[in-house]
Number of protein chains: 2
Amino acid sequence: MARPSDTKTRIQAVARELFMEQGVQNTSLKQISDRLGITKPALYYHFESREALVRSILQPLLDDLDTFTATLAPGDARRLLEDCFELMWRHREVLVMLLHDPGTMLGLDLVERVWEWRKRLTALLLGPSPSAAARIHATVAIGGMSDCVVEHASLPFEEVRAAAVAAALAALQS
Amino acid sequence: MARPSDTKTRIQAVARELFMEQGVQNTSLKQISDRLGITKPALYYHFESREALVRSILQPLLDDLDTFTATLAPGDARRLLEDCFELMWRHREVLVMLLHDPGTMLGLDLVERVWEWRKRLTALLLGPSPSAAARIHATVAIGGMSDCVVEHASLPFEEVRAAAVAAALAALQS
DNA sequence: GTCTATATGTTGATAGAC
DNA sequence: GTCTATCAACATATAGAC
């Protein structure tokens, strides 16, 4: 009652682990229940379906992405890239999952939302009708930062953000 | 005889298509045989197993990666990044597949080879004991270029290379 | 080279006892 | 809340006819 957690939360924790290790599509409910020491039907008591379990893990990113896209406002490039980095850092575990198999994004409307997010971010960074070269620079900047979030996840947040944003800014303005 | 191609090559072509569309793990032999208008057992006449088919498609990248790693030599950063970009561009179809589900890399020694490749490239770019910031800059540079290869695959090679290498170089030296 | 038919295992999901 | 037992649908793979 006071604690909505217990088995349900532990299921999500173990699912996150396995999804990060081997991808979402590649993880079966049996693997999850085995690692937890329970059986498959017990999972179905807590989640209506496999998709519901996956969705419950992805939901925080979906919500955050919507909020971010809605409140995106013009500003200098450094500030935009910093905000972008912070969003990705917050959800770096889920981003590892999704980066590792985007097949999961189909069926959810995640593809559209991510595309909308990057479209608006790029527009604010580059202006209305950017050249092909400018769009490529933006890809290096944003794509490079997202790699940092995954590759240097064990370093302190401040340190990674400072260096990643500086490099992204340089790429953008080259 | 003169033509080692025919069904075997067509199988590989269709498999590449489907692997790129929906990922490797997520594609069944039935889907491949259906799209080709043959039956599943016919596939087994040409390939010993599902894994043999997958491996035959990944092999060119594996070989190229080994050659590249072995012949890596010191040079200026621009030249190293250009060579790196060209390797990724050559294999961009396979890279899309692998980026989309790295689960495929397990079992093959692809993970080790890619890691070795990036390690040696980073060492040549940054020197023997780079700072954390420098390694983050290199991640933005290399990771950003690999995103370009996937995201701007429909633009002309020269155009993408010029802009991507320029941005990567700026990120590296920021 | 390609087929039909089948063996064998795994998946997501459900029924019903405790 | 968790179990045993089971389902239908799908996977990879093989045997053997043509």
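Letters A, B, ... mirror the listed sequences (proteins, then strands); counts begin at 1.
Within residues 26-36 of chain B, no residue has a heavy atom under 4.0 Å from DNA chain C.
Annotation: side-chain hydrogen bond (donor to acceptor under 3.5 Å, both in side chains) contacts of A:T27 (sequence neighbours excluded): A:Q22. Partners of B:E17 under the salt bridge (charged side-chain N to carboxylate O under 4.0 Å, His left out) rule, at least two apart in sequence or in another chain, are B:R35. Residues that satisfy the side-chain hydrogen bond (donor to acceptor under 3.5 Å, both in side chains) test with B:R78, not counting sequence neighbours, are absent from this structure. Taking the side-chain hydrogen bond (donor to acceptor under 3.5 Å, both in side chains) definition, one finds that B:S56 meets it with B:Q12, sequence neighbours left out. Scored by the side-chain hydrogen bond (donor to acceptor under 3.5 Å, both in side chains) test, A:R79 finds A:D83 as partners (sequence neighbours excluded). A:E82 pairs by the salt bridge (charged side-chain N to carboxylate O under 4.0 Å, His left out) definition with nothing, not counting sequence neighbours.
Stems are defined here as 3 or more consecutive Watson-Crick or G-U wobble pairs with pairing distances under 3.5 Å; those involving DNA chain D are C:1-18 with D:1-18.
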Which atom pairs link the protein and nucleotides 1-3 of chain D when you take only N or O atoms and keep those under 3.5 Å?
| unit_1 | atom_1 | unit_2 | atom_2 | d |
| --- | --- | --- | --- | --- |
| D:dG1 | OP2 | A:Y45 | OH | 3.1 |
| D:dT2 | OP1 | A:T7 | OG1 | 3.1 |
| D:dT2 | OP2 | A:H46 | NE2 | 2.8 |
| D:dC3 | OP2 | A:T39 | N | 2.7 |
| D:dC3 | OP2 | A:T39 | OG1 | 2.6 |

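For A:Q25 and D:dC10, the CD to C1' distance is 15 Å, given to the nearest whole Å. We find that CZ of B:F47 is positioned 14 Å from P of D:dT12, with the value rounded to whole Å. In this structure, OH of A:Y44 is placed 6 Å from P of C:dG12, rounded to the nearest angstrom. Put simply, CZ on B:R50 is 15 Å from P on D:dT14, counting in whole angstrom units. Separating the CD atom of A:E51 from the C1' atom of C:dT11 is a distance of 16 Å, rounded to the nearest angstrom.
Under the 3.5 Å distance criterion, the side-chain polar atoms of A:R92 are matched with a main-chain donor or acceptor of A:W89.
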Cut-off 3.5 Å, no hydrogens considered: what does the side-chain donor-acceptor table look like for residues 120-135 of chain A, sequence neighbours left out?
| unit_1 | atom_1 | unit_2 | atom_2 | d |
| --- | --- | --- | --- | --- |
| A:R120 | NH1 | A:T69 | O | 3.3 |
| A:T122 | OG1 | A:R118 | O | 2.7 |
| A:S131 | OG | A:A134 | N | 3.1 |

Could you tabulate the donor-acceptor pairs under 3.5 Å formed by side-chain atoms of residues 161-174 of chain B, not counting sequence neighbours?
| unit_1 | atom_1 | unit_2 | atom_2 | d |
| --- | --- | --- | --- | --- |
| B:R161 | NH1 | B:E86 | OE2 | 2.6 |
| B:R161 | NH2 | B:E158 | OE1 | 3.2 |
| B:S174 | OG | B:A171 | O | 2.9 |

Kindly list each side-chain donor-acceptor pair under 3.5 angstrom involving residues 37-47 of chain B, sequence neighbours excluded, with atom names and distances?
none

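Annotation: side chain of A:L58 is in contact with side chain of A:L98 (closest heavy-atom distance under 4.5 Å).
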